[in-house]
**Student:** 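Handing you this structure, nothing more for now.
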There are 2 protein chains.
Amino acid sequence: MAANHAHRDDNLLEDIQSRLDSLNKSERKVAEAILRDPSAATRYSIAALARAADVSEPTVNRFCRGFSATGFPDFKIRLAQSIATGTPYVGQNVEPDDTVAEFADKIMLSTIASLDKARQSLDPKALGTVIDYLIQAKQINFFGMGGSASVALDAQHKFFRFNIPVTSYDDALMQRMVAAGAQVGDVIVLISYTGRTKEAVEIAKVARANGATVIGITNPESPLAECCTAVLGVTAPEDTEVYMPMSSRIIHLTVIDILATGVTLKRGKDFLSHLKKIKESLKATRYPLE
Amino acid sequence: MAANHAHRDDNLLEDIQSRLDSLNKSERKVAEAILRDPSAATRYSIAALARAADVSEPTVNRFCRGFSATGFPDFKIRLAQSIATGTPYVGQNVEPDDTVAEFADKIMLSTIASLDKARQSLDPKALGTVIDYLIQAKQINFFGMGGSASVALDAQHKFFRFNIPVTSYDDALMQRMVAAGAQVGDVIVLISYTGRTKEAVEIAKVARANGATVIGITNPESPLAECCTAVLGVTAPEDTEVYMPMSSRIIHLTVIDILATGVTLKRGKDFLSHLKKIKESLKATRYPLE
DNA sequence: CATTATTTTTATAAAATTACTACATAATGC
DNA sequence: GCATTATGTAGTAATTTTATAAAAATAATG
C-alpha cells in the first residue's frame with residue numbers, strides 16, 4: 001500500500017503569522033514579504049525573495065531553517081502545500097451568518113475530514129472477519145433506528161444483489177421479533193451512531209442468545225459494542241455543534257460499501273456475471289445514454 | 001466569502017494518472033516513480049528522482065515540461081500543491097486480489113475524492129435558490145428509487161425535525177400519486193443518480209404541471225434535470241468499474257446535509273430551541289454517557 | 001556616561017549542489 | 001536505410017548552502 005501522506009494540519013502560513021512578533025528585524029522582513037503574496041513566494045528563487053524582502057540570501061535561508069525546513073527549497077514545498085491546503089474551514093464550525101458558499105464548503109470539508117479519520121482508524125482485521133461472517137450467512141438482517149434507518153435500507157439494497165436473503169428494519173418492534181426468531185447462521189448487523197440505544201443493546205443480546213452472529217457498526221466504546229460478535233468501530237465525534245450535521249451516517253455507508261465490495265471479491269468471478277445481469281435488467285427502465 | 005485563492009483545480013496527480021497511457025517508455029517510468037510515492041517525490045532532487053525512475057535527468061526534466069511546468073522545481077511545487085489539495089490516489093481501482101486493507105483504503109479514498117470533486121463543482125447559487133424554495137414549502141416530498149431510496153429516507157428524517165410536513169417515497173406508484181395531487185407551494189425533491197429513470201422524469205412533469213416546485217438532485221446533463229424548477233448537479237462518474245461502489249449516494253447525502261443546514265440557518269434563532277427540544281426528547285431512550 | 005567586550009545579527013564571497021542545454025547516440029517506424 | 005523520435009552524456013548555468021567576516025546590538029566595566 002502506498003505510503004501515507006502524513007501532514008495535514010501543517011499550516012506553515014499560520015505559523016509564520018503567529019511567530020511574526022518573535023522574529024528579529026530582518027527575519028520579520030522576510031516573513032512580511034512572504035505574507036504579502038504567499039503564492040508568489042513559491043515561485044521566487046532565494047535571491048528573488050531576498051530582494052523582495054530587502055535582505056541577503058543567507059538571511060532567507062536562516063529564516064527557512066527557523067521554521068524547521070531543511071532549506072529554502074524544502075520551505076517552498078511546505079509553503080505551497082500550506083497554500084493549497086488553504087481550506088481555512090477545516091475544523092471550523094458553521095456560523096449563523098455564513099454565506100451559502102461558506103457553510104456548504106465547511107460541511108463538505110468536515111465530512112471529508114471525518115471520512116479520512118475513519119479511514120485511518122478502521123481495523124482491516126475486523127473488516128475481514130465481518131466479511132467472512134457475511135459470506136457464510138444464510139440470512140442477513142440490517143437494523144438501524146432513527147438516523148441509521150436509511151443506512152440499513154441502503155445496505156439492504158446493496159446486499160440484495162448478492163442473492164442472499166436480506167432484510168432491513170427500522171422499528172424496534174420488528175427488530176426484536178426478528179432477533180427472537182434468529183437462528184445459528186443468521187447474521188444481524190446493528191447500525192447505531194452512539195451504541196447506547198437501549199433497544200439496540202437488548203436486541204443484540206436476544207439475537208446472540210439464539211445463536212445468531214451479531215455485528216455492530218457503532219461506537220467501539222459503547223454498551224452495544226460489548227455484546228456483539230464482531231464490531232466495526234466508528235468513533236463518534238461529539239454532537240455538540242448545533243449547526244453541524246452528523247457525518248457518522250456517511251461513514252457507516254462507506255463501511256457498508258467496503259463490506260459489500262469485500263463480499264463481491266471473495267465470491268469470485270462466476271458471481272460477477274450475476275451482478276452484471278442485474279445491472280443489465282435495470283437498463284430497460286431508463287432513457288438511453290443518447 | 002473568505003478570500004479563497006483561485007482554486008485552480010490543477011490536480012497534477014490526477015493528470016499524471018490519466019496521461020499515463022499516452023506517455024512513452026521512459027516518461028512512464030518517471031510517472032510511475034512519482035505515483036508510487038508522490039509526497040516523497042516532492043523531496044527528491046532531479047537526480048534522485050531520475051535514479052528512482054531509472055532514467056536520466058533530462059528525461060525527468062522533459063517529463064516536467066510535458067506537464068506544462070517551466071522546469072523541475074516548478075513541477076515539484078505544483079505536485080506538492082496537488083497532494084495537499086487532498087485528492088490522494090485517485091483512479092486506483094479495486095483489484096480482485098487486493099487485501100482487505102488495500103481495497104478498504106481505495107474505497108475510502110475514492111469516496112473522499114468524489115466528495116472533494118463535488119465540493120468544487122457544486123453551485124452555491126443553486127443551493128441558495130433551493131434552500132429558499134424549501135423554506136417556503138408547505139410540504140416537502142423526497143422521492144428516490146432504488147439506490148436513492150435510502151437518501152430520500154434520510155432526507156425525510158432530517159427535515160422531519162423542522163416541523164414541516166415531510167414525506168419520502170421509494171416506489172414509483174406512490175410518487176406518481178403524490179405528484180398528481182401536488183399543489184402550488186408543495187416541493188418535490190427528486191433524487192436520482194443518472195437522471196435518466198423514465199418514471200422519475202414523468203413524475204417530475206406531472207408535478208410541475210400541477211404547479212409544484214420540483215427540485216432535482218441529479219446529473220445536470222440528463223432528461224430529469226431539464227424538467228426541474230431547480231437542479232443541484234452532481235456529475236455522475238462513470239459506472240464502469242465493477243468492484244467500485246458508486247459514491248453518488250454519499251454526495252447526495254451530503255447535499256441533503258447542506259440543504260438542511262441552510263434551512264436551519266435561515267430560520268433563525270427561535271427555531272433553534274425547537275431543534276434542541278427534539279434532541280432532548282431522544283435522550284430518555286438512551287443509556288447515559290456514564 | 002563613555003568605552004570596551006561580548007553576543008547577536010547580517011552580509012560577502014566561495015563552495016557545493018542542483019537544474020538545464022546542447023549535442024550525440026540509440027531506438028523506432030516507414 | 002533514411003527519417004523521426006526517444007534517450008542519455010557531458011558540460012554549463014543557475015541556485016542554494018556554507019564559511020567567514022563585518023556590522024549592529026547588547027551588556028559590562030571603569
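The chains referred to below are lettered A, B, ... by the order of the sequence lines, with proteins before strands, and numbering in each begins at 1. From a predicted model like this one, the values you see are computed outputs, not experimental measurements.
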**Student:** Any idea which of C/dC20, C/dT12, D/dG8 is nearest the B/Val55 side chain?
**Tutor:**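 Comparing C/dC20, C/dT12, D/dG8 against the side chain of B/Val55, the answer is D/dG8.
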
**Student:** From C/dT12, C/dA19, D/dT9, pick the nucleotide closest to the side chain of B/Pro58?
**Tutor:**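 From the listed options, D/dT9 comes nearest.
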
**Student:** For B/Pro96 and A/Leu265, work out which heavy atoms get closest and say how close.
**Tutor:**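 Looking at all heavy atoms of both residues, the shortest contact is CA-CD2, 3.8 Å.
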
**Student:** Among the nucleotides C/dA19, D/dT17, C/dT9, which one has an atom lying closest to any side-chain atom of B/Ser45?
**Tutor:**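 Between C/dA19, D/dT17, C/dT9, the one nearest the side chain of B/Ser45 would be C/dA19.
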
**Student:** Could you pick out which residue, B/Phe72 or A/Ser26, lies toward the 5' side of DNA chain C when each is mapped onto its nearest nucleotide?
**Tutor:**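 Going by which nucleotide is closer to the 5' end, it is A/Ser26.
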
**Student:** Nearest whole angstrom, please: distance from the P of C/dT18 to the CG of B/Asp74.
**Tutor:**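 Between P of C/dT18 and CG of B/Asp74: 19 Å.
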
**Student:** If the plane angle is over 60° it's perpendicular, under 30° parallel, otherwise tilted; pick one for B/Phe67 and B/Phe63.
**Tutor:**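 Taking B/Phe63 first and then B/Phe67, their aromatic rings sit tilted (interplane angle of 30° to 60°).
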
**Student:** How many Å lie between NZ on A/Lys76 and P on D/dA14, as a whole number?
**Tutor:**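 Interatomic distance, NZ of A/Lys76 to P of D/dA14: 16 Å.
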
**Student:** Using a distance-only test with no angle check, is there a side-chain donor-acceptor pair under 3.5 angstrom linking A/Arg65 and A/Asn61?
**Tutor:**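 Yes, a side-chain donor-acceptor pair sits under 3.5 Å.
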
**Student:** Which nucleotide in the set D/dT18, C/dT9, D/dT16 lies at the smallest distance from any side-chain heavy atom of A/Asn24?
**Tutor:**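 It is C/dT9.
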
**Student:** A/Asp54 has an atom CG; how far is it from atom C1' of C/dT10, in whole Å?
**Tutor:**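 To the nearest whole Å, that distance equals 12 Å.
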
**Student:** To the nearest angstrom, how far is B/Glu27 atom CD from D/dT7 atom P?
**Tutor:**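 In whole Å, D/dT7 P and B/Glu27 CD are 7 Å from each other.
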
**Student:** Specify the separation, in whole Å, of atom CZ of A/Arg65 and atom P of D/dT17.
**Tutor:**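 Roughly 6 Å, once rounded to whole Å.
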
**Student:** How close or far is atom P of D/dT9 from atom CG of B/Asn61, stated in whole angstroms?
**Tutor:**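 Roughly 16 Å, once rounded to whole Å.
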
**Student:** Hey, could you give me the CD1/CZ distance between B/Ile16 and B/Arg28, rounded to the nearest 0.5 Å?
**Tutor:**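 Output value for this atom pair is 14.0 Å.
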
**Student:** Out of C/dA11, D/dT17, D/dT7, which nucleotide sits closest to the side chain of A/Ile46?
**Tutor:**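 My answer, after comparing the listed nucleotides, is D/dT17.
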
**Student:** Between atom CD in B/Glu57 and atom C1' in D/dG11, what is the gap in whole Å?
**Tutor:**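 For the pair B/Glu57 CD and D/dG11 C1', the rounded distance is 12 Å.
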
**Student:** Assign each of A/Arg62 and A/Ala48 to its nearest nucleotide of DNA chain D by heavy atoms, then name whichever residue's nucleotide is nearer the 5' end.
**Tutor:**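 Residue closer to the 5' terminus by nearest nucleotide: A/Ala48.
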
**Student:** Just how far, in rounded Å, is C1' of C/dT9 from NZ of A/Lys29?
**Tutor:**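 To the nearest whole Å, that distance equals 12 Å.
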
